[in-house]
**Student:** 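Got a structure for you, written out below as structure tokens; questions coming shortly.
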Amino acid sequence: MTLWGGRFINESDELFKKFNKSLSFDYVLAKEDITASIAWSKALMKSKILSKEEQICIESALLVLLDEAKKNTQNILKSDCEDIHSWVEANLINKIGKLGKKLHTGRSRNDQITTDLKLWCRKKIYILLDNIIELQKYFILNAESNHNIIMPGYTHLQRAQPITFSYWCLAYVEMLRRDFSRLKDVLKRLNKSPLGSGALSGTAWKINRQELALSMGFDSATNNALDAVSDRDYVVELLSSASISMMHLSRFSEDLIFFNSGEANFIELSDSITSGSSLMPQKKNPDALELIRAKCGRVYGSLTAILTVLKSLPLSYNKDMQEDKEYLFDAIKTWNDSLSIAILVLKNIKVKYKSCRKSAEKGYSNATEIADYLVKKGVTFREAHNISGQLVLQAITEKKSLNDLELSTFKKYSNLIEDDIYKNITLEACLEKRLSQGGVAPCQVYKEILKAKRRLNIF
Ligand code: ARG
């Protein structure tokens, strides 16, 4: 049964019916549709369109329907209703007869769908916010337990300067903090109720939209009905946040895939998130991380698809907008799943102290220290850089690290170099000198860990 049969003489084509139908995916909005319908029934009662008894009867039937919907999704999917709004209304009428036909007074599926979708997004945002916090916690716990592990930091995937594993963890905490605040921003702009906007120009009934908005936990009602039913900015904003956060998770994955490789050998991933090869018995593949890396593309795809659907759409509602849901639902699930898998990865990660340190000792990552040493002795940085570069070349020729060069060799390049050069270029010295705000110095990192723990209430 459709909601709009009156004006039609002939039946819809079966193929079109299938093409038009959104119930197979918008059934997930059953709870939101029923919540908003109950709120609407109360607003109708306040404006005397429904009596108190009628409202109570509608509300109880809707609650029973919600219970049934939760218990048996298959039942919803079997129905030939066009969408979730039609399904709720048809089933309400089935339960309470003619009275059910009053519920749609003054509203349209156009304000209904965007109200439902906003309620759904809000619910998911709360879950995502919690998950982002949880992932931060695991980064912080790892930062704490791997406090003294020195490893190389890279630029251009070349060993650049030494860092610590803790410091690497804290970089991701910062990224996740931004993801968190972006998501909160989405919530702020999203949380305005479109209900009572009707099809596009408002409702002709005396509905207190502000009160209705507050009753559903919105901050206020929207200002312009034409905009309210057209607006899907919140979907785009949510997917933009998802895309940025997935980009962070994919970089995290890539870092760990490299750290886990035979070449780097900095970490060992747990058996619980890796898989083997059907041919090569020795393999332990970082599948979980590779999948996160790839799923980032899937979320970008959803964002691009929705932006493209919305581009050039005339105001107000157009059926094109039905196409937002599958992408949105898929992207939010993917993001949430990826956050959970990242947590699982960090829960069981083993960092290899020795090979991290060994790798940091190679690659001349303390060359900057020689330059800084010379600057302290009055050489200009550009000159000092050049001398240090020549020393690297010398060390490469001798197949040695900088620390192993003879003092006499150092002196060949600069007379200002004394015996204290050695203690200035140890890995520890490289770290300890970087005391400025945001630097890698262990005491600085320790302070950041404490701050993060306080912020997240970890004791
Ligand atoms: N299934 C539709 C959607 O997802 C609901 C709104 C339908 N409104 C309409 N006027 N046909 O966008």
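Bear in mind that the values here come from a model prediction, so they are computed numbers and not experimental data.
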**Student:** Minimum heavy-atom separation for Ala360 and Ile150, please, with both atom names.
**Tutor:** CB-CG2, 4.1 Å
**Student:** Treating Asn366 as the side-chain partner and Ile425 as the backbone partner, does any N or O pair qualify as donor plus acceptor under 3.5 Å?
**Tutor:** yes
**Student:** With a 3.5 Å cut-off and no angle check, do the side chains of Lys352 and Asn265 form a donor-acceptor pair?
**Tutor:** yes
**Student:** Working to the nearest 0.5 Å, report the span between OG1 of Thr164 and NE2 of His147.
**Tutor:** 7.0 Å
**Student:** For the pair Thr115 (side chain) and Asp111 (backbone), establish whether a donor and an acceptor sit closer than 3.5 Å, ignoring hydrogens and angles.
**Tutor:** yes
**Student:** Is a side-chain N or O of Trp40 found less than 3.5 angstrom from the main chain of Leu103, in a donor-acceptor match?
**Tutor:** yes
**Student:** When you measure from the side chain of Lys118 to the backbone of Leu190, do you find a donor-acceptor pair of N or O atoms at a distance under 3.5 Å?
**Tutor:** yes
**Student:** Could Arg182 and Asp185 be called an ion pair, given the rule that one side-chain N must be under 4.0 Å from one carboxylate O?
**Tutor:** no
**Student:** Taking the side chain as C-beta and beyond, is there a heavy-atom pair between Leu310 and Met321 under 4.5 Å?
**Tutor:** yes
**Student:** Would you call Asp255 and Arg251 a salt bridge, taking side-chain N to carboxylate O under 4.0 Å as the test?
**Tutor:** no
**Student:** Can you give me the closest heavy-atom contact between Asp231 and Asp233, atom names plus distance?
**Tutor:** OD1-N, 2.6 Å
**Student:** Are the side chains of Leu238 and Trp335 in touch, meaning some heavy atoms are under 4.5 Å apart?
**Tutor:** yes
**Student:** Please find the pair of heavy atoms, one from Asn110 and one from Gly198, that lie closest to each other, and give the distance.
**Tutor:** CB-O, 4.0 Å
**Student:** Give me the atom names and distance for the closest heavy-atom approach of Val186 to Ser241.
**Tutor:** CG2-OG, 3.4 Å
**Student:** Verify salt bridge (Lys or Arg N to Asp or Glu O under 4.0 Å) between Asp219 and Lys192, making sure each step is shown before the conclusion.
**Tutor:** CA-CA 6 Å; Asp219 298 330; Lys192 296 200 177 346; 5.6 Å; no
**Student:** Report yes if some heavy atom in the side chain of Phe180 is under 4.5 Å from a heavy atom in the side chain of Leu129; otherwise report no.
**Tutor:** yes
**Student:** Can you tell me if Tyr234 and Thr114 form a side-chain donor-acceptor pair at under 3.5 Å?
**Tutor:** yes
**Student:** Taking only residues at least two apart or on different chains, which pairs with a member in residues 286-311 satisfy side-chain hydrogen bond (donor to acceptor under 3.5 Å, both in side chains)?
**Tutor:** Glu254-Arg293, Ser275-Asp287, Arg298-Asp330
**Student:** Pick one: which of Gln112, Arg122, Lys123 meets side chain to side chain donor-acceptor pair (under 3.5 Å) with Glu32?
**Tutor:** Lys123
**Student:** Side chains of residues 431-442: which donor-acceptor partners sit under 3.5 Å, not counting sequence neighbours?
**Tutor:**
from	atom 1	to	atom 2	distance (Å)
Lys433	NZ	Glu369	OE1	3.4
Lys433	NZ	Asn424	O	3.0
Arg434	NH1	Glu369	OE1	3.2
Arg434	NH1	Glu369	OE2	3.4
Arg434	NH1	Cys430	O	2.8
Arg434	NH2	Glu369	OE2	3.4

**Student:** Go through the steps to decide whether Met151 and Ser359 satisfy the test side-chain contact (heavy atoms from CB on, under 4.5 Å), and finish with yes or no.
**Tutor:** CA-CA 7 Å; Met151 62 188 267; Ser359 174; over 6 Å; no
**Student:** Would you say that Asp227 contacts Leu315 through its side chain, given a criterion of any heavy-atom pair below 4.5 Å between the two side chains?
**Tutor:** no
**Student:** As an exercise, state the distance from CD1 of Ile332 to SG of Cys121, rounded to the nearest 0.5 Å.
**Tutor:** 6.5 Å
**Student:** Step by step, would you call Tyr172 with Leu346 a side-chain contact (heavy atoms from CB on, under 4.5 Å)?
**Tutor:** CA-CA 12 Å; Tyr172 282 96; Leu346 284 181; over 6 Å; no
**Student:** Indicate the ring-plane relationship of Phe258 and Tyr154, choosing parallel, tilted or perpendicular according to the 30° and 60° boundaries.
**Tutor:** perpendicular
**Student:** Compare all side-chain heavy atoms of Phe329 with those of Trp120 and state whether any distance is below 4.5 angstrom.
**Tutor:** yes
**Student:** Is the closest basic N to carboxylate O distance between Glu237 and Arg232 below 4.0 Å?
**Tutor:** no
**Student:** Testing the basics here: between Ser245 and Asp179, what is the closest heavy-atom pair and its distance to 0.1 Å?
**Tutor:** OG-OD2, 3.0 Å
**Student:** Considering only heavy atoms from C-beta outward, does the side chain of Ile267 approach that of Lys350 to under 4.5 Å?
**Tutor:** no
**Student:** Using the side-chain contact (heavy atoms from CB on, under 4.5 Å) rule, take Asn146 and Cys169 through it: C-alpha gap first, then chi angles, then the decisive distance, then the call.
**Tutor:** CA-CA 9 Å; Asn146 299 300; Cys169 288; 5.7 Å; no
**Student:** Would you say that Asp372 contacts Lys376 through its side chain, given a criterion of any heavy-atom pair below 4.5 Å between the two side chains?
**Tutor:** no
**Student:** Any donor and acceptor pair, going by atom type alone, linking the side chain of Ser193 with main-chain N or O of Leu195 inside 3.5 Å?
**Tutor:** yes
**Student:** Please find out if less than 6.0 Å separates the ring center of Tyr373 from that of Tyr422.
**Tutor:** no
**Student:** So, applying side-chain contact (heavy atoms from CB on, under 4.5 Å) with Val229, which one of Ser108, Pro194, Ser316 is it?
**Tutor:** Ser316
**Student:** Look at Glu174 together with Arg178 and state whether they make a salt bridge at an N to O cut-off of under 4.0 Å.
**Tutor:** no
**Student:** If only side-chain N and O atoms count, and only distance matters, is there a donor-acceptor pair under 3.5 Å linking Ser22 with Gln322?
**Tutor:** yes
**Student:** Would a distance-only check, ignoring hydrogens and angles, find a side-chain to backbone donor-acceptor pair under 3.5 Å from Asn191 to Gly217?
**Tutor:** yes
**Student:** How long is the straight-line distance from CG of Asn142 back to NZ of Lys347, given to the nearest 0.5 Å?
**Tutor:** 12.0 Å
**Student:** Where does the angle between the aromatic ring planes of Phe266 and Phe259 fall among parallel (under 30°), tilted (30 to 60°) and perpendicular (over 60°)?
**Tutor:** tilted
**Student:** Taking all non-hydrogen atoms of both residues into account, name the closest pair between Ser197 and Ala228 and its distance.
**Tutor:** OG-CB, 3.4 Å
**Student:** So, Glu82 and Lys319, do they make that salt bridge, N to O below 4.0 Å?
**Tutor:** yes
**Student:** Measuring from atom NE2 of His104 to atom CZ of Arg109, what distance do you get when rounded to the nearest 0.5 angstrom?
**Tutor:** 7.0 Å
**Student:** Between the side chains of Gln55 and Ser41, does any donor sit under 3.5 Å from an acceptor?
**Tutor:** yes
**Student:** Any donor-acceptor pair under 3.5 Å linking the side chain of Asp26 with the backbone of Ile84?
**Tutor:** yes
**Student:** To the nearest 0.5 Å, what is the distance between CG (Leu239) and CD1 (Ile306)?
**Tutor:** 4.5 Å
**Student:** Check whether Asn318 reaches the backbone of Pro314 with its side chain - one donor and one acceptor, N or O, closer than 3.5 Å.
**Tutor:** yes
**Student:** Can you check whether Asp33's main-chain N or O pairs, donor with acceptor, with Ser37's side chain at less than 3.5 Å?
**Tutor:** yes
**Student:** Taking side chain as C-beta onward, heavy atoms only, is Met175 less than 4.5 Å from Ile244?
**Tutor:** no
**Student:** Run the side-chain contact (heavy atoms from CB on, under 4.5 Å) check on Ile396 and Lys400 step by step: do they pass?
**Tutor:** CA-CA 6 Å; Ile396 293 172; Lys400 282 181 175 172; over 6 Å; no
**Student:** Between the side chains of Thr334 and Asp337, is a donor N or O closer than 3.5 angstrom to an acceptor N or O?
**Tutor:** no
**Student:** I'd like to know if the side chain of Ser365 and the backbone of Glu361 have a donor-acceptor N/O pair within less than 3.5 Å.
**Tutor:** no
**Student:** Distance from Ile341 atom CD1 to Leu289 atom CG, nearest 0.5 Å?
**Tutor:** 9.5 Å
**Student:** Applying salt bridge (Lys or Arg N to Asp or Glu O under 4.0 Å), which residue pairs with at least one partner in residues 63-74 are found, sequence neighbours left out?
**Tutor:** Asp67-Lys71, Glu68-Lys95
